[in-house]
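Structure record follows, encoded as structure tokens.
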Amino acid sequence: MRAIWKGAITFGLVNVPIKVYSATEDHDVSLHQVHDKDGGRIRYERRCEVCGKVVEYAHIDKAYAEGQTTVVLTEDDLKSLPEERNKEIEVVEFVPSEQIDPIMFDRSYFLEPEKAATKAYALLRRTLEETDRTAIVQFSLRQKTRLGALRARGKVLMLQSLLWDDEVREADFDTLDADVRVSAQELEMSSSLVDNMETDFAPDKFSDEYQDQLKKLIAAKLEQGDKLDTAETFGEEGGGGADDAEVIDLMEALRQSVERNRAARKEPATKTPAKKTAAKESPAKKSATKKSTAKKSTAKKKAS
């Protein structure tokens with residue numbers, strides 16, 4: 001692993017020098033574009049609109065347009081900003097961990113302490129862990145001021161950059177205002193399905209099926225070339241689109257899901273909740289039943 005940034009965590013008078021490492025990596029197969037006619041590589045050129053020449057990255061600056069005026073900002077200009085020169089991860093407050101909405105999480109980083117700061121690092125990690133608190137921090141990285149969450153993850157301190165509040169959109173759909181009625185029986189059946197599928201999360205049992213299939217496709221193309229038979233390589237799989245699906249009601253879909261899941265787990269099936277029509281008769285029906293019984297009783301007495 002290679003450190004991408006060096007700085008220090010500061011809270012109060014405590015200073016913990018650290019190195020920052022990316023905690024995640026992209027596993028996608030790298031593809032590039034080619035011309036479908038001759039297979040020639042397609043490249044994007046950074047061409048200047050004034051002189052028409054292709055420009056190398058070393059000679060590219062950034063600019064801001066204001067009407068007819070353009071302000072050019074060089075690399076040295078941007079590095080001169082006070083926040084860009086700041087190498088501190090400043091703790092501004094400690095909050096209960098459950099108060100941070102996961103939608104705000106952006107990128108994740110591991111923090112490694114410098115040798116002289118291992119005790120202060122361990123103390124902060126243990127404190128966050130035992131108090132179940134997350135430190136809200138502010139820092140600058142790659143020409144951006146960022147908000148972050150500093151938390152304990154096993155033996156390491158992890159820094160997760162957070163989106164700013166105005167970067168998180170509100171859900172605004174007309175369907176959210178609809179008055180949807182959910183029956184007690186539907187809720188009971190749905191809860192039964194949740195209980196039946198409940199387990200501990202183990203991320204290592206999941207894999208990126210698309211990337212696995214893409215690697216298999218590339219290997220087959222290398223071996224077979226353009227004569228590739230996808231049905232032979234991957235097997236026949238039904239599309240199963242929405243138009244082909246049988247339309248069934250929600251309760252029946254839930255019931256089938258519960259039974260199918262139980263069968264997969266080889267668990268004994270239990271009776272599904274039945275409609276309690278017999279137990280709960282309407283007042284009108286009860287009244288009609290009583291009158292009918294009374295008439296039959298009177299008729300028997302007259303006959304005798």
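These numbers were taken from a predicted model, which means no experiment stands behind them.
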* **Donor-acceptor pair, side chain of Asp77 and main chain of Thr74, under 3.5 angstrom** => yes

* Asked: Taking the side chain from Glu186 and the backbone from Ser183, do they hold a donor-acceptor pair closer than 3.5 Å?
  -> yes

* Side-chain touch Lys19/Phe110, heavy atoms, less than 4.5 angstrom -> no

* Asked: So Leu111 and Ile9, side chain to side chain contact (heavy atoms under 4.5 Å, CB included) or not? Walk me through it.
  -> CA-CA 10 Å; Leu111 304 184; Ile9 303 169; 3.8 Å; yes

* Asked: Okay, side chain of Arg125, backbone of Gly154: is any donor-acceptor separation there less than 3.5 Å?
  -> yes

* Working to the nearest 0.5 Å, report the span between CG of Asp132 and OG1 of Thr127. => 13.0 Å

* To do: Report the C-alpha separation of Val137 and Phe11 in whole Å, then their side-chain angles, then the decisive distance to 0.1 Å, and conclude whether the side chain to side chain contact (heavy atoms under 4.5 Å, CB included) test is met.
  => CA-CA 9 Å; Val137 301; Phe11 61 108; over 6 Å; no

* side chain to side chain donor-acceptor pair (under 3.5 Å) involving Tyr44 - partner list, sequence neighbours excluded -> Gln33

* Roughly how far apart are Phe139 CZ and Thr145 OG1, rounded to 0.5 Å? -> 10.0 Å

Sequence neighbours excluded and cut-off under 3.5 Å, please list the side-chain donor-acceptor pairs for residues 161-173, or say none.
unit_1: Ser161; atom_1: OG; unit_2: Arg107; atom_2: N; d: 3.0
unit_1: Ser161; atom_1: OG; unit_2: Arg107; atom_2: O; d: 3.4
unit_1: Glu167; atom_1: OE1; unit_2: Trp164; atom_2: N; d: 2.8

* Asked: Quick one: hydrophobic cluster around Leu123, which other residues, with the 4.5 Å side-chain cut-off, linked directly or via members?
  -> none

* **Value rounded to 0.5 Å, distance of CD1 in Ile89 from OG in Ser140** => 10.5 Å

* Asked: Side-chain contact, heavy-atom cut-off 4.5 Å: Leu128 with Phe94?
  -> yes

* Heavy-atom pair of closest approach, residues Glu88 and Trp5 -> N-CH2, 4.3 Å

* side-chain hydrogen bond (donor to acceptor under 3.5 Å, both in side chains): pairs with one or both residues in residues 47-61, sequence neighbours excluded -> Glu45-Arg47

* Asked: Counting only N and O atoms by type, is there a donor-acceptor contact under 3.5 Å from the side chain of Tyr121 to the main-chain atoms of Leu157?
  -> yes

* Structure fact -> Residue set satisfying side chain to side chain donor-acceptor pair (under 3.5 Å) with Ser108, at least two apart, ordered chain then number -> Gln160

* Chi angles and distances behind the side chain to side chain contact (heavy atoms under 4.5 Å, CB included) call for Asp208, Asp28 -> CA-CA 9 Å; Asp208 188 337; Asp28 288 357; 4.0 Å; yes

* Stepwise side chain to side chain contact (heavy atoms under 4.5 Å, CB included) test for Glu112 and Ile18 -> CA-CA 5 Å; Glu112 179 193 17; Ile18 49 87; over 6 Å; no

* Asked: Do Thr134 and Leu150 come within less than 4.5 Å of each other through their side chains, counting heavy atoms only?
  -> no

* **Approximate separation, where rounding is to 0.5 Å, of Arg151 CZ and Leu124 CG** => 13.5 Å

* To do: May I ask you to list the residues sharing a hydrophobic cluster with Ile42, side-chain cutoff 4.5 Å, ordered by chain and number?
  => none

